Number of protein chains: 2
Amino acid sequence: MMAPEEVRSDRAALERETANSDQPAPTTPAGAGAGRHIPPASLARLTIYLRALSAMLADGIERVSSEELAEAAGVNSPKLRKDLSYLGSYGTRGVGYDVPYLSGQISAALGLTLNWRVAIVGAGNLGRALAGYPGFGSRGFEVVALFDADPMVIGQEVGWLRISPVDSLEAVLAKTGANMAVLSVPAEVAQDLCDRLVESGITSILSFAPVVLQAPEHVQIRKVDMATELQILAYHAQRSQVSQIAARARLAR
Amino acid sequence: MMAPEEVRSDRAALERETANSDQPAPTTPAGAGAGRHIPPASLARLTIYLRALSAMLADGIERVSSEELAEAAGVNSPKLRKDLSYLGSYGTRGVGYDVPYLSGQISAALGLTLNWRVAIVGAGNLGRALAGYPGFGSRGFEVVALFDADPMVIGQEVGWLRISPVDSLEAVLAKTGANMAVLSVPAEVAQDLCDRLVESGITSILSFAPVVLQAPEHVQIRKVDMATELQILAYHAQRSQVSQIAARARLAR
DNA sequence: AGTTGTGAATGCCTTCACAGCG
DNA sequence: CGCTGTGAAGGCATTCACAACT
């Protein structure tokens, strides 16, 4: 959704700028269907709006126009209004949006008012980074367990948590009432742990392992792949490099 | 790109399964235009195919059909063939694809044959995790610098690298010839460091900071946002939860 | 007067079926 | 005969302009 090329008269590219981040998204839970559906692309942006609103809330700002909020989120205002319209009509025409109210409505729509209990599987640098991630503790996500297989790190304390042995995965998941999991383990063991998580009733998994995970349809899996991200950057960088060389060649002629 | 809902007769959802990961993608470098454009969605998947091919290469497998490769990548075969067709015709009809050859062609198309030198800014747990990430060292990405602001960690060794002070960012970037950067710093300082990177001539940035970064159009920024990912999972989980309750209510009636 | 909410149009991505080759 | 490559059709997402409301 962005390949502006010299051939193409893609003016819209200007507005997209730094705005990115969405995913084709995995399968929607089998029989889902309460309330309105939010298109996946909009869903991803709603989380950005929410963050911008939270910052405004902290600054004591009470009202925003779609124009201002869009600017803060790095999108254009019609897109923002369209996105918000999937939730309902929470603005006031001629005025704008009430920051605390809109913030609350988006949170509710995203399900952030529920009690999400996250288990992190894999306590390497990545797992520890996640356990200490401030964006988790806030906004409804509570890290309730942290696992590792290495006897040397089991028992260590990370923040308020003590690292549990993966051997006791099932028991600790049940005891802590975890309803989401993050996989930050080596690729080789990711599928096995994924299976165990699913077996334990976890239906929402965020994986950082660079492998394609197989899971039943009712399980939501999202993947963050850092190698993929760098490769995409490399592709674009290479293209502009090549085109620069081509431009120089044209000049030289 | 996937909102399968109970209302919708979306059978295709079954095939998408765990297949996710793409981004709307930022702006393409101003005057780009060498060779064919790869649609962003395809681009993201190509990196997955490449990984699958690498695994096959390691296993000594020499030929794959689109069906097999698609299965390994978690997509359906027509989609895979369409994606590959953006690069050219590298298969043999009636036979399949030559693994080493296709692998090389994809690598070349993605620009992975070039020498990418990555600077990691922020040596917290996340930065260290990235510095040690096996997926980087391989496949054309070399981590050449690691920065931090904390005097306590400056000078520490992480793998083969010594942590440099951010104060010397510009100098070290120049000395190491870095041409890509990863931002793994707190949100508050991300924009400032982004500016400094851009000022130093870096045009490809991968950011983990949960903020919208502003940068000139010619700079490619991709963002990985872990909070967003969890929130998207929460949304889906909430929906299936709600629909389950609704189902139970219908049963009770 | 000012700003939101949305229908209609456009364009991109995906899907499918089959034509094209080996 | 088998499998790849692709044109055509359908479905989302985005854009735009303006109607609706305060």
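Because the structure is predicted, anything quoted here is derived from the model rather than measured. Heavy atoms only: backbone and side chains are in, while hydrogens, waters and symmetry mates are out.
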Spacing of [X] atom [atom1] relative to [N] atom [atom2], expressed in whole Å:
X: B/Leu46; N: C/dC13; atom1: CG; atom2: P; value: 13 Å
X: A/Arg81; N: C/dT6; atom1: CZ; atom2: P; value: 11 Å
X: B/Leu69; N: D/dT4; atom1: CG; atom2: C1'; value: 13 Å
X: B/Glu67; N: D/dT4; atom1: CD; atom2: P; value: 9 Å
X: A/Arg63; N: C/dT4; atom1: CZ; atom2: P; value: 11 Å
X: B/Glu68; N: D/dT4; atom1: CD; atom2: C1'; value: 14 Å
X: A/Leu43; N: D/dT14; atom1: CG; atom2: P; value: 12 Å
X: A/Asp98; N: D/dT22; atom1: CG; atom2: P; value: 16 Å

Quick one: is [X] getting a side-chain N or O under 4.0 Å of the [N] phosphate, OP1 or OP2?
X: B/Arg45; N: C/dT14; value: yes
X: B/Lys79; N: C/dT15; value: yes
X: A/Asn76; N: D/dT14; value: no
X: B/Ser66; N: D/dT4; value: yes
X: B/Tyr97; N: D/dG5; value: yes

### Message
Let me spell it out: for each of A/Thr92 and A/Tyr86, pick the nucleotide of DNA chain D with the closest heavy atom. Which residue's pick is nearer the 5' end?
### Response
A/Tyr86
#### Entry: 5' priority, DNA chain D, between B/Gly91 and A/Asp83 [closest heavy atom]
B/Gly91
[X] side chain: which of [options] is closest?
X: A/Pro78; options: D/dA20, C/dT14, D/dC16; value: D/dC16
X: A/Lys82; options: C/dG5, D/dT14, D/dT6; value: D/dT14
X: A/Ser89; options: C/dG5, D/dA13, C/dC13; value: C/dG5
X: B/Arg93; options: D/dT6, C/dC21, C/dC13; value: C/dC21

### Test item: side-chain donor near acceptor, B/Ser204 and B/Gln220, under 3.5 Å
no
### Task
Could you tell me whether the side chains of B/Thr47 and A/Thr228 share a donor-acceptor contact shorter than 3.5 Å?
yes
### Task
Would you confirm whether the ring centroid of A/Tyr101 sits within less than 6.0 angstrom of the ring centroid of A/Tyr90?
yes
### Task
Look at atom CD of A/Glu71 and say whether more than 12 heavy atoms of other residues, nucleotides or ligands are closer to it than 6.0 Å.
no
### Message
Closer than 3.5 angstrom, by distance alone: can the side chain of B/Tyr235 be matched with the main-chain N or O of A/Ile38 as a donor-acceptor pair?
### Response
yes
